[in-house]
**Q** 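A single structure is presented below for examination.
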There are 4 protein chains.
Amino acid sequence: MPKVGMEPIRRAALVKATIEEIGQAGSLDITVSQIARRAGMSSALAHHYFGGKDQIFLAAMRHTLAVYAAQVRGALMMAEDPQARLEAIVRASFSGQNFRPEVIAAWLNFYVLAQHSPNAMRLLRVYHKRLKSNLSHALRPLVGERAPMVADRIAALLDGVYLHRSLGEGPPEGAAGAEQVLGYARLEMERG
Amino acid sequence: MPKVGMEPIRRAALVKATIEEIGQAGSLDITVSQIARRAGMSSALAHHYFGGKDQIFLAAMRHTLAVYAAQVRGALMMAEDPQARLEAIVRASFSGQNFRPEVIAAWLNFYVLAQHSPNAMRLLRVYHKRLKSNLSHALRPLVGERAPMVADRIAALLDGVYLHRSLGEGPPEGAAGAEQVLGYARLEMERG
Amino acid sequence: MPKVGMEPIRRAALVKATIEEIGQAGSLDITVSQIARRAGMSSALAHHYFGGKDQIFLAAMRHTLAVYAAQVRGALMMAEDPQARLEAIVRASFSGQNFRPEVIAAWLNFYVLAQHSPNAMRLLRVYHKRLKSNLSHALRPLVGERAPMVADRIAALLDGVYLHRSLGEGPPEGAAGAEQVLGYARLEMERG
Amino acid sequence: MPKVGMEPIRRAALVKATIEEIGQAGSLDITVSQIARRAGMSSALAHHYFGGKDQIFLAAMRHTLAVYAAQVRGALMMAEDPQARLEAIVRASFSGQNFRPEVIAAWLNFYVLAQHSPNAMRLLRVYHKRLKSNLSHALRPLVGERAPMVADRIAALLDGVYLHRSLGEGPPEGAAGAEQVLGYARLEMERG
DNA sequence: AATGAATGAGGATTCATTCAT
DNA sequence: GATGAATGAATCCTCATTCAT
């Protein structure tokens, strides 16, 4: 009985395990064996499916970014006015899927990964471009031509809050994080 | 060349080399040998003076934080009113000593180090506490009781801008970074 | 189906190689690489199967002790009266399996190992306890209540003869060693 | 003020420290630095005086053997008849100077050292020869021509008791050890 | 598809030894 | 006489990766 169609299952399991492992270790200094064990398979199989450690990391990163993008897309679809669109983007960043300790740690480490992996760098840049584009678009009706600059600041603030969370004790509170960012946004809107 | 009193010289050379090496590699994944070679000595001597890799990293981190703290202190001494104090803190963060690519990369990696090194975590928390305390103090006359919250946001924005810089191409422009942060601060001040 | 069942083979080969290597070097100052090379594999594999140098040593010790115990047990089964039992124990100690130069050297070094390895110490104490128990049991009908004391002396004499052999030139002669010990035993028996 | 005549003091301190260090570690696996530190000097100086680690070990061994020999000589001078001579030799072996845990451990390790150091081997053989000669001489009037054989056994028993002590818990009791050996000797004498 | 077996390459760390002062 | 400085040469151990089955 040949097992068919295992590939997507295995890959998904490995990606999930990778994020968890990075989250737990707090660094990229984890072994393929650890990942594979957590995913319930041999390290040889992990190599078989991904070709190498780098590609496992990249897949995990791609997945994290994709989940995030999907959440933003979903939230945007619900939003009916600019203000709501803005809040949707920010809130999605702090939603339960993303703002968990292990995802935060993984996120931080993806920035590190990007420092020596051109592929990771490219992924991160694409993410940034989309984020800023989304923000800018939502902001245009609210702050006029200051939109790109405000988008930049919001994006930076967003990552900054994430970064600070990585030092925090206790479980991260998404709502508080979102408010920290939205507070700034409202200030800009008041200014008009 | 004297054969005594080398210790401080060697230690300083190793710390400098460590920061450069982390900066160049973009990660903590560097060898003691690399560091030692860059510092012009054998890896055995590096171990002799620091006891181990972890302590070399910690020393590099301590040094980075100390340089930063010294800059802030120096800038604060020049400042004569609250507004100037605020600008001093922010500008020091983006001054030539700190806002260089290798230091930015090192900074990012110290956040990673803090994820698994309690000592590194402690250092980073102390740095944060001081930064927020400094900011809060300067902000009090400017924004009243909103000071702690604004200080939090500024601190986050500061780190966020640094983080984004780690993805940027070309040399980092300190002035632009400082403006990005101060722009937000002014908004809060206008609100009063 | 992968290549399976190598583990016991590899472990046995490593244990054997360890004893030989200790015997040849005359000390525990041997490298895992030497052992592995002699056993026909990479040092990495040795670590894979044993976890570390200490455990390789312990396994070698356990094996040596087990072989010895098995020999004694075997000899005891043949013996039909107390005198024969006593001789069986002593002669087994000097049988071809045990009284070879490399085993003698290994034995000596296991005593050293026991000085800093609690596990080795425990193994050696168990061996001693069994040896004395065996001797005492065999001696009871021969020397009465002096049995425990005589057992102690025989055990000490036994190890002493081994120790002296480790200094001897030429091949060790088991028969002579056995006689040296049994001579004392007979003296005690004559006394009744 | 030039320090003159330091050499014998330094050498003695190093020898003493070596024995203590071996005793504490329970093996020869100690560093020159440890020895030198315990002796209150730099490792460079230790090398200066002895030339190398091997020679430090040899000196420590020579010293241990010399102390032992001196004790035996001293005790023999007091003895007035063969029986007393015999007891003197045995009791000296278990006297306070020799039968201390660290000396026992050192002794054991000298046997190991002899396995790969021809010089150590030679020293140990000389010691053995003297011991047996002394014993044989004392035994001749007591057991006649069995003297050499009995001397052999006593020597072996002596080392065996030492060896067993190295596994013992608690402080070694010299008197008990001596009795264990002398008990055998008396048996032989009774036989005549 | 899946994995136990196997290793080469590399890295942190230790240490005896040498040297300049 | 004495030592801090310095290193080359190990040694243990880890791990990504490959291979045979």
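All heavy atoms count here, side chains included; hydrogens, waters and symmetry mates do not.
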**Q** Can you check side chain to side chain contact (heavy atoms under 4.5 Å, CB included) on Ile104(C) and Leu108(C), steps first, answer last?
**A** CA-CA 6 Å; Ile104(C) 295 171; Leu108(C) 170 57; 5.8 Å; no
**Q** Does the side chain to side chain contact (heavy atoms under 4.5 Å, CB included) test come out yes or no for Ile22(D) and Phe57(D), once each step is laid out?
**A** CA-CA 10 Å; Ile22(D) 293 175; Phe57(D) 278 158; 3.9 Å; yes
**Q** Please work out which residues in residues 8-24 of chain B have a non-hydrogen atom less than 4.0 Å from an atom of DNA chain F and list them by number.
**A**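 Within this stretch, Arg10(B) sit under 4.0 Å of the strand.
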**Q** Would you check, one step at a time, whether the test side chain to side chain contact (heavy atoms under 4.5 Å, CB included) holds for Tyr68(C) with Thr64(C)?
**A** CA-CA 6 Å; Tyr68(C) 173 76; Thr64(C) 303; 5.8 Å; no
**Q** Could you tell me the separation between the CD atom of Glu102(C) and the CH2 atom of Trp107(C), rounded to the nearest 0.5 Å?
**A** 13.0 Å
**Q** To the nearest Å, give me how far apart CZ (Phe50(A)) and P (dT18(F)) are.
**A** 16 Å
**Q** Write out the stems for DNA chain F, ordered by first number and formatted as range with range, counting runs of at least 3 consecutive Watson-Crick or G-U wobble pairs under 3.5 Å.
**A**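 Detected stem regions: E:2-21 with F:2-21.
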**Q** Output yes when a side-chain donor or acceptor of Gln115(B) lies under 3.5 Å from a complementary backbone atom of Ser27(A), and no otherwise.
**A** no
**Q** Is the number of heavy atoms from other residues, nucleotides or ligands under 6.0 Å of His63(B) NE2 greater than 12?
**A**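 For His63(B), atom NE2 is not crowded (no more than 12 foreign heavy atoms under 6.0 Å).
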**Q** Tell me the interatomic distance from Met6(B), atom CE, to dC19(E), atom C1', rounded to whole angstroms.
**A**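 So the CE-C1' distance, Met6(B) to dC19(E), works out to 14 Å.
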**Q** Can you find a side chain N or O atom of Tyr49(A) that sits less than 4.0 Å from OP1 or OP2 on dA2(E)?
**A**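 Yes, because at least one side-chain N or O of Tyr49(A) sits under 4.0 Å from OP1 or OP2 of dA2(E).
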**Q** Check Ala13(A) against Ala39(A) and note the closest heavy-atom contact, atom names and distance.
**A** O-CB, 3.7 Å
**Q** How close do Phe110(B) and Leu124(B) get, counting heavy atoms only, and between which atoms?
**A** O-CD2, 4.0 Å
**Q** Find the distance Glu7(C):CD to dA6(E):P and express it as a whole number of Å.
**A**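 It is 10 Å, rounded to the nearest whole Å.
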**Q** Does the protein touch nucleotides 8-15 of chain F at the base, only the backbone, or not at all? Give it as B, S and - per nucleotide, heavy atoms under 4.0 Å.
**A** B--SSBBB
**Q** Arg11(C) side chain to Phe50(C) main-chain N or O, any donor-acceptor pair under 3.5 Å?
**A** no
**Q** Under the side chain to side chain contact (heavy atoms under 4.5 Å, CB included) criterion, do Tyr127(D) and Met61(D) qualify, and how do the steps go?
**A** CA-CA 11 Å; Tyr127(D) 147 75; Met61(D) 193 170 164; over 6 Å; no
